[in-house]
Q: 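Could you have a look at this structure, given as structure tokens, before my questions?
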There are 2 protein chains.
Amino acid sequence: MSIETLSRKDQINQVAQNLFREKGYSATSMRDLAKAIGIEAASLYSHIKSKEELLQNICFRIAAEFFDEYDRVQNGTTDPKLRFRHAVTAHTRVVASNLDASSVFFNEWRHLNEPSLSEFKAQRAAYEDRFKNLLREGIEAGVFRKVQVSFAMRLVFSTLNGIPTWYRNDGALSPDQIADQIADFLLEGLLKK
Amino acid sequence: MSIETLSRKDQINQVAQNLFREKGYSATSMRDLAKAIGIEAASLYSHIKSKEELLQNICFRIAAEFFDEYDRVQNGTTDPKLRFRHAVTAHTRVVASNLDASSVFFNEWRHLNEPSLSEFKAQRAAYEDRFKNLLREGIEAGVFRKVQVSFAMRLVFSTLNGIPTWYRNDGALSPDQIADQIADFLLEGLLKK
DNA sequence: TGCTTAAACTAACGTTCGTTAGCAAAGATA
DNA sequence: TATCTTTGCTAACGAACGTTAGTTTAAGCA
């Protein structure tokens, strides 16, 4: 869907995603946002309640996508190695298909105010726990090396959440392709076997 | 060195590192910074030229540390696997020993203005090239899997630069210890051999 | 004691911030 | 045609922003 066919409200949310990512939430003014759309700053308030509402929309929409995609791919799978691979590729697809929004999710969430901030942290922790459990399963099954699960989980997420810093969805590599390659990298490492 | 024994100028730089990391550069006001020190905002200008100068100091000091530590550990080593391991552990030590500053380096550099911004990008690209060369060497030597070097470099840096999001230098694990564990993770991956 | 200097202060500058109030235009609906 | 709703506008609010000017304070030194 091109940006002209979106409702004004959707258009505002989309441009906000882009600006919040490029300049950061605090450094993006409502006048910047309005100018990028082609209206006056005050006119934004015919469609939205506040600047922070825009940030909340982005953060919680992406959080929901992470959960949804995770549930979708885990359904029915029991093999620990495959469960982990599916979780990694699902997460990667969400990130790579929502570069602006996921970038804001990763870097701008701290500008949320209460109670959104606590809710955000709780959801993130719950999501991270799922990955810790996958790692535990893999270790207990003797498939993964005996690593500290919370340490390994942090490294995995660092790799995944860094995607928006370098990936461009320009046709060279599809989200599915990099998802597979990242899963390979996390499972195999750099060394030749 | 405790914060009270620093010169005022050093103290300002140190508190700025911390605030820029916690709240972001744009969301940190000079009045925030002054308040955290216990003086008036205008008094800061007896010691510094501008807010942006503080950001420049942080970014370029850390950049220099990355280069220095890299040069120090590469000196004399020729084995590709060891060269890569040393580069990774050196980088990790710099990050883990400068959590506030490296966090600002990773996340707030975009608020630099020209010409500092271009200079920053150039230095970062030069540093990244060193890692790409190490990966190339490892592949040519048959030690590393045949991965795309620029892709692998991005994944490596994502892992390393995510350290400030989770590591606390509180005595549980020293910078050297996590450096070794991260190198293991990058080289070996999660799978049991 | 008088002089110099560093480092703080108060006051204020002009600008930008997010947001509100009130109004105008335009299209949909009756 | 008359009315309502949506979506924009101009004007402006009070607050906060980075920064400058000018002044005071206090310590070090001749």
Side-chain angles (χ1 to χ4, degrees), chain A residues 1-59 104 108-117, chain B residues 1-59 104 108-117:
Chain A
M1 194 186 310
S2 85
I3 202 160
E4 296 83 11
T5 67
L6 293 174
S7 73
R8 248 301 118 95
K9 190 167 186 174
D10 291 341
Q11 189 188 2
I12 292 169
N13 276 281
Q14 189 143 317
V15 174
Q17 278 176 24
N18 185 250
L19 290 181
F20 290 173
R21 180 204 186 167
E22 300 298 338
K23 314 179 48 155
Y25 176 77
S26 290
T28 302
S29 71
M30 296 305 273
R31 287 167 179 83
D32 290 337
L33 177 55
K35 193 168 195 175
I37 293 171
I39 62 177
E40 292 298 318
S43 306
L44 293 168
Y45 291 86
S46 297
H47 306 276
I48 62 163
K49 268 175 48 192
S50 67
K51 186 184 181 187
E52 203 205 329
E53 186 196 46
L54 293 170
L55 182 59
Q56 288 171 15
N57 287 345
I58 298 166
C59 290
V104 172
E108 309 297 329
W109 58 267
R110 58 186 161 171
H111 297 110
L112 291 170
N113 292 319
E114 295 295 354
S116 299
L117 182 59
Chain B
M1 193 187 307
S2 84
I3 203 160
E4 296 83 12
T5 67
L6 294 174
S7 74
R8 250 297 119 98
K9 190 168 185 172
D10 290 341
Q11 190 188 2
I12 291 168
N13 276 282
Q14 189 143 318
V15 174
Q17 276 176 25
N18 185 250
L19 290 181
F20 290 172
R21 180 203 186 170
E22 300 297 339
K23 315 180 45 156
Y25 175 77
S26 290
T28 302
S29 72
M30 296 305 272
R31 287 166 179 85
D32 289 338
L33 178 54
K35 194 168 195 176
I37 293 171
I39 62 177
E40 292 297 318
S43 307
L44 293 168
Y45 291 86
S46 296
H47 305 277
I48 62 164
K49 268 175 48 193
S50 66
K51 186 184 180 185
E52 203 204 329
E53 186 196 48
L54 293 170
L55 182 59
Q56 289 171 13
N57 286 346
I58 297 167
C59 290
V104 172
E108 308 298 328
W109 58 267
R110 59 186 159 168
H111 297 110
L112 291 170
N113 293 319
E114 296 294 353
S116 298
L117 181 58

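Note on naming: letters A, B, ... go to the chains in the order of the sequence lines (proteins, then strands), and numbering restarts at 1 for each one.
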Q: Between atom NZ in Lys9(A) and atom P in dT5(D), what is the gap in whole Å?
A: 18 Å
Q: Is there a donor and acceptor pair, one atom on the side chain of Ser46(B) and one on the base of dA6(C), closer than 3.5 Å?
A: no
Q: Using a cut-off of 4.0 Å on non-hydrogen atoms, how would the nucleic acid contact of Thr28(B) be classed: base, sugar-phosphate, or nothing?
A: sugar-phosphate
Q: Give one of base, sugar-phosphate or nothing for Ser29(A), where a contact means two heavy atoms less than 4.0 Å apart.
A: sugar-phosphate
Q: Could you pick out which residue, Tyr25(A) or Ile39(B), lies toward the 5' side of DNA chain C when each is mapped onto its nearest nucleotide?
A: Ile39(B)
Q: Specify the separation, in whole Å, of atom CG of Leu33(A) and atom P of dC17(C).
A: 12 Å
Q: Is Lys51(B) positioned over the aromatic face of Tyr25(B), cation under 6.0 angstrom from the ring centre and no more than 45 degrees off axis?
A: yes
Q: From CE of Met30(A) over to P of dC9(D), roughly how many Å is that when rounded to an integer?
A: 14 Å
Q: Got Leu55(B) and Trp109(B) here, is their nearest side-chain heavy-atom distance under 4.5 Å?
A: no
Q: If you only use heavy atoms from C-beta on, which nucleotide in dT10(C), dT20(C), dT19(D) is closest to the side chain of Ala42(A)?
A: dT20(C)
Q: Quickly work out the Lys49(B) NZ to dT20(D) C1' distance and round it to whole Å.
A: 15 Å
Q: 5'-most contact on DNA chain D: Arg31(A) or Glu40(A), nearest heavy atom basis?
A: Glu40(A)
Q: Round to a whole Å and report the spacing from CD of Glu52(B) to P of dT19(D).
A: 9 Å
Q: Taking 4.0 Å as the cut-off, does a side-chain nitrogen or oxygen of His47(A) come that near to OP1 or OP2 on dT6(D)?
A: no
Q: Tyr45(B) has an atom OH; how far is it from atom P of dT20(D), in whole Å?
A: 7 Å
Q: Run the side chain to side chain contact (heavy atoms under 4.5 Å, CB included) check on Met30(B) and Ile48(B) step by step: do they pass?
A: CA-CA 11 Å; Met30(B) 296 305 272; Ile48(B) 62 164; 3.6 Å; yes
Q: Please answer whether the main-chain N or O of Ser29(B) pairs with a side-chain N or O of Asp32(B) as donor and acceptor at a distance below 3.5 Å.
A: yes
Q: Please tell me which of the listed nucleotides, dT19(D), dA21(C), dC9(C), lies nearest to the side chain of Ser43(B)?
A: dC9(C)
Q: Specify the separation, in whole Å, of atom CG of Leu55(B) and atom C1' of dG18(D).
A: 15 Å
Q: Mind checking the CG-CG spacing from Asn13(A) to Asn57(A)? Nearest 0.5 Å is all I need.
A: 5.0 Å
Q: Please give, in whole Å, the distance from dT15(C) C1' to Lys51(B) NZ?
A: 14 Å
